[in-house]
Undergrad: 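Starting off with a structure, shown below.
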Amino acid sequence: MAQTKEISLGDTGARAAKAHSNAQAKVVAADETVSEVNSETMALNVGPSHPTTHGVLRLMMELDGDLIKKCEPVLGYLHRGDEKIAENMTYNQFVPYTDRLDYLAPLANNVAYAMAVEKLANLEVPERCQAIRMISCELARISSHLLGVGVYGMDAGAWTVFMYTFTEREKLYTLFEELTGARFTTSYTRIGGVARDIPDGWLGRVNSFCKGVIDVLDQVDKMLTRNRIFMDRTVGIGVITKEQALSYGMTGPNLRASGVDLDLRKDNPYMMYDQCDFEVPIGLNGDCYDRYLMRAEEIKQSVSIIRQVIGKFPEGSYYAEDAKKIFAPQKSKVLSSMEELIQNFMLVTEGPQMPQGEVYFEAENPKGSLGFFIVSKGGGVPYRMKIRGPSFCNLSILSELIPGHFLTDITVILGSLDFVMGECDR
Amino acid sequence: MSDIDKSRFLSQFDYLTERESSDHVALNCPAGKLIEFCTSLRDEFGFDLLLDVTAIDWDVATPRFTGVYHFYSTASSNYLRVAADCPDNVNPVLPSLTSIYSAADWHERETYDLMGIRYEGHPNLKRILMWDSYPYHPLRKDFPLAGIETPLPAEDVAERTNLKVVAAPMMGGPFHSSGDGKMSQTEPSAKDESWNEQSSK
Amino acid sequence: MLNQTVAYDSKVEGEVIVTKADAVINWIRKNSVWPMPMGLACCAIELMAAGASRFDISRFGMEVMRFSPRQADCMIVAGTVTYKMAEVIRRIYEQMGDPKWVVAMGACASTGGMYRSYATLQGVDRVVPVDVYISGCPPRPEALLDAMIKLQEKIMDENSAKNLIKVPVNKDIRKDALST
């Protein structure tokens, strides 16, 4: 797979190696001084309410001066019991809960969940529905990465970037609101389709947003990519090797930054990703800087995907019309026809009827692979639903990654991992 | 996606059996052979990513608990599901995969926390999502969604605020009946009388 | 000078204003609310949006977000409060200096919202006293701004002067908090 220009900038590799060896030398030097002084280690607690932890993550660390010796993440401060809740409601009722998993990209979660259940039902949705879902997924990716980059800049001390990217996010929210009725708790998909068709002229507005976001990305690029302070703080910091990343089950941009070519949109194409032409950026060094470049590049690729989908936007229905026991009938028909009324009643009281079976479906979400493992005994309620939150796996590396870094580096490392506690704790 | 040949697994490892699945290749593996099988999965078959570790509680059936693992191969882009039944219904135990995949660490802690399955050989098997002193395993089928009254972990805060962990109100909740029996009897709001608008907080 | 009527003319009355102590204290407090964003979940994103360019909370004089409870006087609880987190919220609340206010942002913080489960605290008002509740899941940034203006109105109605000399009700609580 072609590596993108931005990632494989000739000198970053050398810089990273140099910065890394410098950092190692510093660590060794610090070690020696410390052992001479024979100082005691200090325990430091960060979080669960702390600006750098992006939510309610808590880190318990053992410090030797400024050097972190040991780090133990504590989570569960946002464990809301989503999996247990899922066992107690019908498949469609759970859609709003998926919004609140990765609340920076709710549309992508909605789609992933709906596709998992459709896989269980063995249901294929029409092309137009897939196209709508693809655009929503990619917009969600842009929205998530915009926040990721903006907040990352803020973590590294560049507040301005956040203001630029957040302005773009507001424009996205306007688009989401037009499409779904809500700014970001969208609950847009239904099993077998989406809640409603796209509004008039919406695709045009998406197009003009895409143009704007590329401009902003250029500005962000000018502010961060060659920013001396930003590079000094990120290059060679928080290096995750290929082996480590795989062993810890990391996915998404964090895994690709470490040089593993895994993007489910390419490797296990779902919806119409196989008909789209896009590149998967791969990092070289797996450091914090690469993870930033990765997100910036992915926004560009998402824009390209959106443009391709809009270019050949299919006609047809936005829901699976033949799935009478799964997708609720049109309201006008419910009010005028007995058959549809009964259908609607059964769907609301019993839920969409699913066959017995076990399925596992993963979608390439902005944070990584969001997986749903559904065990069904038939009927409208899942027997067991396990949600694989990518942030959960991406964070599990912290206790190995952080020791050896300085206290100031954790801000950057946490920012670069771009996690959301909602899907981590569920 | 190229399909993997399950007969290769079944012929090479005689203890494996095929598992019913609606999508990916799925295999049943006895708990005692799990480590051996997963090591060769990683080293010989190229399943380098452990995506997910979870468990299913079959309630009254025996064996009650089934551990479920999902693997992914970055080389061949294949998924594989491996299930292992816990031999004991009361004290479910499975071997820990932490020595093979570091990812298993947190996943197994989570499954231990929510399902109560002990992973033998895990270096740090303690609760991860609920607090350490929490007495139950919430994802078990005999645990109610609303929760069970327990003391708050911080005693001083509990004393000052008079707060306990109490069952959540189910009246008028968004929940659907669990499906067994008449709607009027299985509706969560009909079962739960722990809370109503009149009772004091 | 334009021909306009002003309420106070220093040439006539000297440099003295006669007013109620309550009015002055409340006026000062009202216009210098320093919020502490207790961002727990989804609502925190709308809280950030309220601080960003489009909604711009600084128009209402309360943009000085402080992540340290010692420097803040209004805690905005934005997101689902779990039992595990409840303890932390109480401790942070106790570290805030008097006078202090709490805004419960969103359905989860107000009542537990859609998360009626074993792990979720059914309303943050069970651990800390709440002044303003905001509905919505999540509330729009406008709703947050409205709530903050409501809070300002509430502050204007307080008996601040009386409370200045009164022994704080939670005195021993604060001692406890400091000694631990």
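Letters A, B, ... mirror the listed sequences (proteins, then strands); counts begin at 1. Any value given below was found using the heavy atoms of this structure, including those in side chains, with hydrogens, waters and symmetry copies removed.
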Undergrad: Can you check whether A:R80's main-chain N or O pairs, donor with acceptor, with C:T82's side chain at less than 3.5 Å?
TA: no
Undergrad: Restricting to non-hydrogen atoms, name the atom on A:L78 and the atom on C:T80 that form the minimum distance, rounded to 0.1 Å.
TA: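 Looking at all heavy atoms of both residues, the closest pair is CD1-O, 3.6 Å.
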Undergrad: Mind listing the closest non-hydrogen atom pair of A:F184 and C:C42 along with its distance?
TA: CZ-O, 3.3 Å
Undergrad: When you measure from the side chain of C:K84 to the backbone N and O of A:L75, does any donor-acceptor pair fall under 3.5 Å?
TA: yes
Undergrad: Does a side-chain heavy-atom distance below 4.5 Å link C:R54 with A:T174?
TA: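 A side-chain contact exists here, since the closest heavy-atom pair is under 4.5 Å.
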Undergrad: With sequence neighbours excluded, give me every salt bridge (charged side-chain N to carboxylate O under 4.0 Å, His left out) pair touching residues 140-150 of chain C.
TA: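 For residues 140-150 of chain C, and leaving out neighbouring residues, the salt bridge (charged side-chain N to carboxylate O under 4.0 Å, His left out) pairs sorted by first residue read A:E177-C:R140, C:R140-C:E142, C:D146-C:K150.
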Undergrad: Below 4.5 Å from any heavy atom of chain A, which atoms of C:I92 appear? Answer side chain, backbone, both or neither.
TA: side chain
Undergrad: Can you give the donor-acceptor pairs under 3.5 Å from side chains of residues 27-38 of chain C to other protein atoms, not counting sequence neighbours?
TA:
from  : atom 1 : to    : atom 2 : distance (Å)
C:N31 : ND2    : C:W27 : O      : 3.0
C:S32 : OG     : C:I28 : O      : 2.9

Undergrad: Given a strict heavy-atom distance threshold of 4.5 Å, which part of A:D82 is in contact with chain C: side chain, backbone, both, or neither?
TA: side chain
Undergrad: Taking all heavy atoms of A:Y97 and all of C:M114, pick out the closest pair and write down the distance.
TA: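 A:Y97 and C:M114 have their closest heavy atoms at OH-O, 2.6 Å.
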Undergrad: Which residues, numbered in order, of residues 151-169 of chain A come under 4.5 angstrom of chain C by heavy-atom distance?
TA: A:V151, A:F162, A:M163, A:F166, A:T167, A:R169
Undergrad: Which members of residues 99-107 of chain A, sorted by number, sit under 4.5 angstrom from chain C on a heavy-atom basis?
TA: A:R100, A:Y103, A:L104
Undergrad: Can you tell me how far CD1 of C:I89 sits from OH of A:Y77, rounded to the nearest 0.5 angstrom?
TA: 11.5 Å
Undergrad: Checking A:T185 side chain against C:C137 main chain: does a donor-acceptor pair fall under 3.5 Å?
TA: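 Answer holds: yes.
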Undergrad: Against chain A, label C:A44 side chain, backbone, both or neither, depending on which of its atoms sit under 4.5 Å from a heavy atom there.
TA: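 Neither part.
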Undergrad: What about the rings of C:Y83 and A:H79, do their centers lie closer together than 6.0 Å?
TA: no
